[in-house]
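Just so you know, these numbers use all the heavy atoms, side chains as well, and skip hydrogens, waters and symmetry mates.
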Amino acid sequence: MPGRMKQTADLRARQAGDRLHRFHGGLSLPHHKAVSCGVPLERAPLPGELFIPLLQQSGREAEPTVNAGDTVLKGETIGRFRHLGRGCVHAPTSGTVTGVVPHPISHASGEEGRCVVLRPDGRDQWKDLQPIGDWQQTDPEALRERIRNSGIVGLGGAMFPTGFKLQEARRRGIHTLILNGSECEPYISCDETLMREQPDSIVLGARILQRAVGAKPTIIAIEDQMGAARNALETAIKRAGDSTVRVVRVIPVYPEGGEKQLIRVLTGLEVPSGGRPSDLGLLCQNVATATAVARAVTEGKPLVERIVTVTGPGVRCPRNLLAAIGTPISVLVEQCGGYTPDAARLVLGGPMMGFPLGSDANPVTKAANCVLVLTAKELRDNRPEMPCIRCGDCARACPAQLLPQQLHRFVRADAWDDAGDAGLADCIECGCCDLVCPSHIPLANWFRYGKSRLRERALDRHRADQARQRFEAREARQERIRLERKQRIATKKAALHDDAAKKAQIAEAVERARKKQEHTP
Ligand code: SF4
Ligand code: SF4
């Protein structure tokens, strides 16, 4: 970016929230939140067995650090990652490990993953906790280290490790922190419930995050209609006496809760394709992540539970539940009065970005913000798919400014280079194009599949590059060995030649001396 443009962008990023902007596309959707949000938060009971997935952050599974028969206390490490900051998985309660087994893990792939099976002992006894009392005087590096070791990931659904993100943010330089509370997908109300019921933890988490990355000020972005949450947060900010934290209300348009869309709304700036908010000096965190940070630092408690919205027309008493990670979803539905007779589908997440679950034996994960139970009336996949009529509605609705009809053609034809060039990787899988398509083409599903193929291709390319580099390094090593050997032989030959020359010289000298003696009278 040329210097002058960069300066303007920097200024606008620093004025985030002063003026609101619009992003391209998006949809105004019915909220369906009041039904779950109107009931106070409840704690879900501990089940007879917890299935704690080892895939608890984006990327690969953690390696288990416990075996069958081990007893653990609540908050003790039971798995450790070897990538993205090397975070941990912790025991959500005290009890006995009965095994590490393959189990369905509530993942979009529908595949199984390894889970630590923990039988609670009923005491729910924490390990020895070590709170950081005076966090305002603590070295920011120590705060980031605590967050990294507390198993905190982005609780908005991405499960990107927060400790790693903060480390990168610090390295790249951040001036403004944005806490995302604009929970825009219909039915999901876990963040709104959190903002209403635990606003002080959110504000405390914001202040700790500010110190951890060296950023001020902080914006807590919430939707316009979240009146109770706004009052609660503003009161908490007053109580904390911190004028660097403020609440900004945004107009509810789906998918405003997407990181890039929210930044566009608050600053009018676009995060560049393939770029990150830190390119603009911004760091985005979910409000629930801020609460987890506050607990980890001031109470010493790692992330072992989360709020889950259990809702939809297929469940009797929708509400928000605080559930231990690893709790089977059946336990949550039971707590909400069970299924209605016409319940037809279980979805993890919202109706736009969620994915169907094969069974309610799947456990709660750190990404599980919502369990949605739909009836046959709400299902869209029984509508017959028809050919594209090129109406362009999908492009008008796309918040990433893509051309979904064209992308769809490329993905269907396995034209991966074309799909990549057309911006498939920028698709945020929001489902807006799906919803407006008069031909009922499941576009977002195609794009999910296409993106996974692009990732595989990138991985294959990476592996091929590594193999080529290894081959070239081996060739270079062998060439070097060949040259060194040649050099050694040449040196030896030269030395031998020198020896022979010396011997000849000596022989000549001896001969000269002998002849001289003979001619001496
Ligand atoms: S799913 Fe992707 S292509 Fe479709 S509207 Fe959303 S961002 Fe655009
Ligand atoms: S909305 Fe559907 S029918 Fe219209 S252009 Fe897009 S893919 Fe084609």
Do [X] and [Y] come close enough that some side-chain heavy atom pair is under 4.5 Å?
X	Y	result
His21	Val265	no
Cys190	Glu183	yes
Leu332	Thr327	yes
Lys74	Lys127	no
Glu42	Leu322	no

Look only at the side chain of [X] and the backbone of [Y], and say whether a donor-acceptor pair between them is shorter than 3.5 Å.
X	Y	value
Thr267	Leu269	yes
Arg306	Leu155	yes
Arg144	Ala212	yes
Arg319	Val310	no
Glu299	Ala296	no
Arg119	Gly48	no

Carboxylate-amine/guanidinium proximity below 4.0 Å for [X] and [Y]:
X	Y	value
Glu192	Lys33	no
Lys216	Asp242	no
Asp279	Arg276	no
Glu61	Arg114	yes
Glu270	Lys260	no
Lys165	Glu259	yes
Lys238	Glu234	no

For [X], does the [atom1] atom have more than 12 heavy-atom neighbours from other residues, nucleotides or ligands under 6.0 Å away?
X	atom1	value
Arg172	CZ	yes
Arg211	CZ	yes
Ile251	CD1	no
Glu429	CD	yes

**Prompt:** With Arg43, which residues qualify under side chain to side chain donor-acceptor pair (under 3.5 Å), at least two apart?
**Reply:**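 Per chain and number, Arg43 pairs via side chain to side chain donor-acceptor pair (under 3.5 Å) with Glu305.
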**Message:** Is the ring pair Trp446/His408 parallel, tilted or perpendicular, if the boundaries are 30 and 60 degrees?
**Reply:**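 Trp446 and His408: perpendicular rings.
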**Message:** Suppose the criterion is ring-ring contact (aromatic ring centres under 6.0 Å, His included): which pairs have a residue in residues 178-229, not counting sequence neighbours?
**Reply:**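 ring-ring contact (aromatic ring centres under 6.0 Å, His included) check on residues 178-229 returns His32-Tyr187.
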**Prompt:** Which pairs, with at least one residue in residues 310-349 and sequence neighbours excluded, count as a ring-ring contact (aromatic ring centres under 6.0 Å, His included)?
**Reply:**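 Residue pairs with at least one partner in residues 310-349: there are none.
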Any luck finding a side-chain donor-acceptor pair between [X] and [Y] under 3.5 Å?
X	Y	result
Thr309	Ser36	no
Thr375	Asp342	no
Asn180	Ser182	yes

**Request:** Run the numbers on Gln210 and Thr218 for side-chain hydrogen bond (donor to acceptor under 3.5 Å, both in side chains), then give the verdict.
**Result:** CA-CA 8 Å; Gln210 283 183 338; Thr218 294; 2.7 Å; yes
